[in-house]
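Heavy atoms only: backbone and side chains are in, while hydrogens, waters and symmetry mates are out. Quick note: residue numbers are just sequence positions, from 1.
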Amino acid sequence: MLAVLGVSRGMKQTRARLQDLLYSTRDSEQGAASIRQLLREIRLALDSGRDALLTGPGWVGLDEHQIAVDLTSRSGPDGRPLEFASDLDIPDPEFEDWLRDTRAYYENRPPPAGTAETGGPPRLMVEPVTANDPDVALFLDMLLMEASVRASDITPLIVMQPGGSVPEAPADVVLRARAARMGDRIMLSVSLCHARGGTTIWGRNFQIDSGGDRMQAHLCATDISLAVLKAVEAADILEQARRFPLSDIFSYSQPRLMLADDALMHSYDRLRPAIALALRAFIRNTLLIERLVPDPATTFAEAQEFSRRALEMAPNNATVLAVGAIIASYGNHKETEYRLVRQAVRADPLNPLAMFAHSQVLSDIERHSDAAAVASDGMNNSLSALSPATWLLRRSVASFRHGDLVTAQRFFSATHELAPENRPALRFLAALKYHAGDYQGARQALLKLKQIEPDFTLDLMASDGYPADSLREAGLLGITRSGLI
């Protein structure tokens, strides 16, 4: 069970899946009882660290703040590398299938995070479109360039074209497209391939009105941007070097955030420093909001400095401007925030961080209905798939500030389901459930918050220094006098 949990996403797995893997030959009740017994044995073995084993409705997990998984290759007595989990022998056909697949995956696994050599930012080669009409080819060349540049505004990605000057290293991913005009429609087939191995990582067909529907083309470019970002991560796996942990930038786990910060610090070069600095500032904003740093003043000063330097380097970049606005919002510099948001949205209205900052500034100036509408648009943006919990949280706060507590609670619950380590969602959930008379639900939310925020107390929540201003302004801090925990 520990092996399965340790390599599962977020170190969490459903009970049903564990039961299938470990006790597939037993009936349902017997298998469930065996899982419960196994969990009991693990807790006993963990002794004083038993709270590192997490359980929730239908799932089991390990606390990423207390548990680290070491996937460093080990050598056997003969000096040859051992297989993944080489000493496990579980007589269950489902587990045997899982173990075989997992061993195949880790047979040539990348070095552990933080130890791999980095080759600088990933590189994308955009090939010219093959088309039966020169006007269509030109239009779609521009669309693919828009897609790749939008992706490079979110991650330090170097965009290359055939015949251009190649910056020191060959491409990692190749973006190809074929198109044909058919009546009043343009049929577009796009693929992303691993440059050296030739493996197709992603492919999709699009239909675009040949009349020039700009928004339709922009949305198509956004879909391709998301695919580019995912393809870069997939190429890293194929190259056996996890150089750029994009998903970690938008996580809420301190170890993952620090891993992303380290990768950004070491992997960018002179070609994309502004994006890397902006994302490092964004990471510090998350660390501050989640109370994951011992010295908030120092962390905020770092965020401001990184944002300032990024703005000096790329004053018209939507991502850089949006992060600057987010940092200004944390510092309560509303005029600066509003100015930077306007510039970010003007630079690229579909940039996900620009949309996020736009919704946030609308909340800050108490245009709550508009903030919720922009957050909804952001959730429907393809690039929101990079961090759905971030968008759910923004939508939740916008609804809460608008006074729609029922909708807010629904979205906060969804945020918690996607990101159980997110602390603001639990703070709001606890207060909203208590306000609604669901004292048991409020207590459960407080206990979960205590689990991931060890110094948490109701007295701390009531204090001025605790990040609960929205709850305080709404008069919903009655929970701090409840004595529920």
Side-chain angles (χ1 to χ4, degrees), residues 65 250-254 257-258 281-304 307 323 325-334 337 356-357 359-366 368 371 375 387 389-402 405 408-409 411-413 415-416 418-435 442 445-482 484-485:
H65 298 284
F250 300 100
S251 71
Y252 300 97
S253 158
Q254 186 184 40
L257 290 166
M258 298 315 296
F282 181 80
I283 286 170
R284 277 151 182 77
N285 183 73
T286 303
L287 291 167
L288 289 164
I289 292 172
E290 295 289 327
R291 297 186 70 240
L292 295 174
V293 287
D295 185 0
T298 298
T299 300
F300 181 55
E302 288 179 347
Q304 287 182 304
S307 178
V323 171
I326 291 167
I327 300 303
S329 176
Y330 184 88
N332 201 31
H333 304 306
K334 288 186 170 57
E337 177 190 9
F356 181 92
S359 176
Q360 182 167 283
V361 76
L362 289 170
S363 288
D364 288 347
I365 61 176
E366 300 188 3
H368 304 307
S387 179
T390 299
W391 277 107
L392 280 168
L393 183 63
R394 175 88 287 275
R395 182 68 174 82
S396 306
V397 173
S399 296
F400 178 84
R401 299 280 297 276
H402 189 46
L405 302 188
Q409 183 171 326
F411 279 117
F412 281 125
S413 294
T415 304
H416 175 64
L418 276 177
E421 69 275 22
N422 181 271
R423 302 178 182 198
L426 283 171
R427 294 168 195 153
F428 280 98
L429 273 178
L432 287 170
K433 289 186 176 186
Y434 182 79
H435 177 72
L446 290 172
L447 290 173
K448 289 177 183 177
L449 187 56
K450 176 73 174 175
Q451 199 169 50
I452 60 176
E453 197 170 355
D455 66 337
F456 177 80
T457 64
L458 291 177
D459 286 341
L460 176 64
M461 189 177 186
S463 66
D464 291 338
Y466 192 78
D469 289 344
S470 294
L471 291 170
R472 186 175 291 106
E473 291 168 8
L476 291 178
L477 281 182
I479 191 172
T480 60
R481 300 182 296 276
S482 66
L484 286 175
I485 62 170

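- Nearest heavy-atom pair, A419 versus A389, reported as atom, atom and distance to 0.1 Å: CB-CB, 3.8 Å.
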Could you walk me through whether L429 and K448 pass side-chain contact (heavy atoms from CB on, under 4.5 Å), step by step?
CA-CA 11 Å; L429 273 178; K448 289 177 183 177; over 6 Å; no

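- Proximity of the aromatic rings of F250 and F282 is defined here by a centroid distance below 6.0 angstrom, and this criterion is met.
- Here the straight-line distance linking atom CG of L393 with atom CG of N422 works out to 5.0 Å at 0.5 Å rounding.
- Rounded to the nearest 0.5 Å, atoms OH (Y252) and CG (L257) are 9.5 Å apart.
- In this structure, a donor-acceptor pair under 3.5 Å is absent between the side chains of R284 and T299.
- Side-chain N/O atoms of S329 and Q360 include a donor and acceptor closer than 3.5 Å.
- Between Y466 and R427, some side-chain heavy-atom pair lies under the 4.5 Å cut-off.
- Between F428 and F400, the ring planes lie perpendicular to each other; the angle is over 60°, past the 30° to 60° tilted range.
- For the atom pair E290 CD and Q254 CD, the distance stands at 11.0 Å (nearest 0.5 Å).
- L446 approaches A430 most closely through the heavy-atom pair CD2-CB, 3.7 Å.
- Side-chain contact between L426 and I452 is present, with heavy atoms from C-beta onward closer than 4.5 Å.
- Side chains of S399 and R395: a donor on one and an acceptor on the other come within 3.5 Å.
- In this structure the side chain of I479 never reaches within 4.5 angstrom of the side chain of H435, judged on heavy atoms.
- Contact between R423 and L292 at its shortest, heavy atoms only, is NH2-CD2, 3.0 Å.
- More than 12 heavy atoms of other residues, nucleotides or ligands shown are found within 6.0 angstrom of NE2 on H368.
- For the atom pair S307 OG and E302 CD, the distance stands at 13.5 Å (nearest 0.5 Å).
- A heavy-atom distance below 4.5 Å is not found between the side chains of Y434 and L476.
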